[in-house]
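Taking it in order: structure first as structure tokens, then the write-up.
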Amino acid sequence: MKKILILVFSGLLPFLGGCVATWTQGGADFTSSQNYRLRMPPDWIYHPNINGNFIATKDGIFLQQIIVRKIPLATPLENNHRVLSASLSPFEIAEAVTDDLKSDRTLLRLVIKENLPAKIGGVPGFKLVFDYHTADGMHLNSVRYVCVHAGYLYVLIFTAPTRHYFEHDLPGYEEMVRSFVFTAAPKPE
Amino acid sequence: MPAHRIPSAIACAMLVLLSGCMSTDLTPYQADSANALEPDEQRLWARSLEEENVLDQSGFRASLPACEAYLNRIVARLKPDPLPNGTTYHVRILIDPTINAFALPNGVVYVHSGLITQLENEAQLATVLGHELTHTTHRHGLKSLRKAKNASAFYASITVGTYGLGAFIGGIGATASISGYSQDLERDADQGGFDHMIAAGYDPRESVKTFVILRDEAKRSNIKEPFFFGSHPRLEERIASFNALIQALPEARRAGDTETVAYNRELLPVFKLDAEAALQAGDFEQVRISVARIIAQTPGDASARLLLAESLRKRNGPGDLKTARDSLESITHDDPSLAAAWRELGLVQMKSGAQAESNRCFARYLELSPQAADRVYIESFIKP
């Protein structure tokens, strides 16, 4: 119970921090300057740009969060520092990304549950499903859709506590993924 | 500051000043004394236990009881002074290809698989373990904690900013346990470890080799601050100081056991896990080193050769695919029932543009492993 309360208060912080005006209710198309368009379900709210990422949640980002990241392909992965390239197949990128997750020392007792081909906005990529624990004992589940498009790695992440929130809020995330389309070919930076 | 809080603030400051008198001149745990843990030491041990629980349940601790038993036998041979309250030493292995080792104040020592794989023999590992055990027996964790407390007490006395100090102390305790000690304490640990190593009959010259290996590995990995052997003092300085320690020994004592054969035999499973971890970490050179250690023990080990082939495919440097293909063809020839080898050969062939060959390999893989988790991927690779 204490952990849940901490999570709730932590999740409320972004809203209390003067960001209220920039959070938007879902239910309508959102077109990003990062060359994609998506639609969040009406009961979600989103922020178009926190540290360059699209963020969405329903009850606070520590209870469930969606992050859409657009990363230049030449940026090394965070943990195994592998550099991806457009010549790699989605399968090979999935290998590199799962290896990177397994090398992440903050993801305790990581279990990759699913790694399957998938399309994101019509572009071939893959879907990863995994769960892990944090050092303070939280058990979290995560889903990632990943693809390479026009020189960038696009990662659509959903993370929520295993208990209650993950299964409950997964449909909203899947709905967002189905709505996701690329709007134009961005120029590599 | 509200008036009603001033007396409590002064009281807090006085408490801190009093606690600042705590001595950092601590006696090492002695064999013939019943060392009782001091109150702040008890808290430090409690924090260590919490840290230990997180590490043990992290999924990164090796489930290799026989290997850990071997490491504990090395500790027994080093004969460190007994810990208080009958507490026993334990060495545990973390599957991590980076080179590191650290001791918690309660006598639990963690050694990374990467360090075990880089070292050549038991004498070299005894150098590391002796060093880490000295941190524990000489109570370096508690010394660091008190030193930090004293410094913060001084700071508090001039700012009267004592709120939240309790939490700060806890953080320091954990940090001192795992992130390294001051230069003086590292030197003390070097000397203590060296003395135990000599007393145990290990070849003292291996201590220098240990630091040479670590220096070379730090250069290769471009590690700036490796925290077992890092900048407290610099590696070159430590190599020089160990050389001086050896020169100070009588001629007859400058030799001893290395136990290379036992080391390679007993820790073979660690080399295997390390190769897998290195592959995930994208450290392809470490994969090569680990696999070489395995092959030296068990020539023709298919799983090790397979890991090496996979690392070559993932690295995909000049000639890597051909080397991987040759090796995998040899593996599948030697053992045609090894599904993973057919899968890897199929991936290499596909990457080389040999579609017909890759189709044949993938078909064989799926035949041998019909329930494969990656079946959907592999089926999509089979093309006319």
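Computed over heavy atoms, backbone and side chain alike; hydrogens, waters and symmetry mates excluded. Residue numbers start from 1 in every chain, and the chains themselves are labelled A, B, ... in the order their sequence lines are given, proteins ahead of strands. All values derive from a computational prediction rather than experimental measurement.
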A/Lys113/A/Asp131 under salt bridge (charged side-chain N to carboxylate O under 4.0 Å, His left out): CA gap, chis, key distance, verdict: CA-CA 8 Å; A/Lys113 294 172 151 180; A/Asp131 73 82; 3.3 Å; yes
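The choice from B/Gln280, B/Met350, B/Lys314, B/Arg313 that makes the most heavy-atom pairs within less than 4.5 Å of chain A is B/Gln280. Note on B/Asp374, B/Asp96, B/Asn316: by heavy-atom pairs under 4.5 Å with chain A, the leading option is B/Asp96.
In this structure, the portion of B/Ile95 lying under 4.5 Å from any heavy atom of chain A is its backbone and not its side chain. Interface remark: A/Arg109 contributes backbone and side-chain atoms alike to the contact with chain B (heavy atom separation under 4.5 Å). A/Tyr132 does not touch chain B: none of its heavy atoms, backbone or side chain, sits under 4.5 Å away. Neither the backbone nor the side chain of B/Arg375 comes within less than 4.5 Å of any heavy atom in chain A. Within the 4.5 angstrom heavy-atom criterion, only side-chain atoms of A/Ala94, from C-beta onward, approach chain B. The contact between A/Leu107 and chain B is made entirely by backbone atoms, counting heavy-atom distances below 4.5 Å. For A/Glu92, the part sitting under 4.5 Å from any heavy atom of chain B is the side chain, from C-beta outward, and nothing else.
Annotation: A/Phe158 is in aromatic contact with A/Phe166 [ring centroid separation under 6.0 Å].
Under the 30°/60° scheme for interplanar angles, the aromatic rings of A/Tyr36 and A/Phe180 are found to lie parallel. Relative orientation of the B/His112 and B/Phe102 rings is perpendicular, given thresholds of 30° and 60° on the angle between their planes.
B/Ser369 contributes no side-chain N or O that, together with a main-chain N or O of B/Leu366, makes up a donor-acceptor pair within less than 3.5 Å.
The two residues A/Leu63 and A/Pro161 have their closest heavy-atom pair at O-CD, 2.9 Å.
Here B/Lys351 does not pair with A/Glu95 in a salt bridge; the nearest charged N to carboxylate O distance is not below 4.0 Å.
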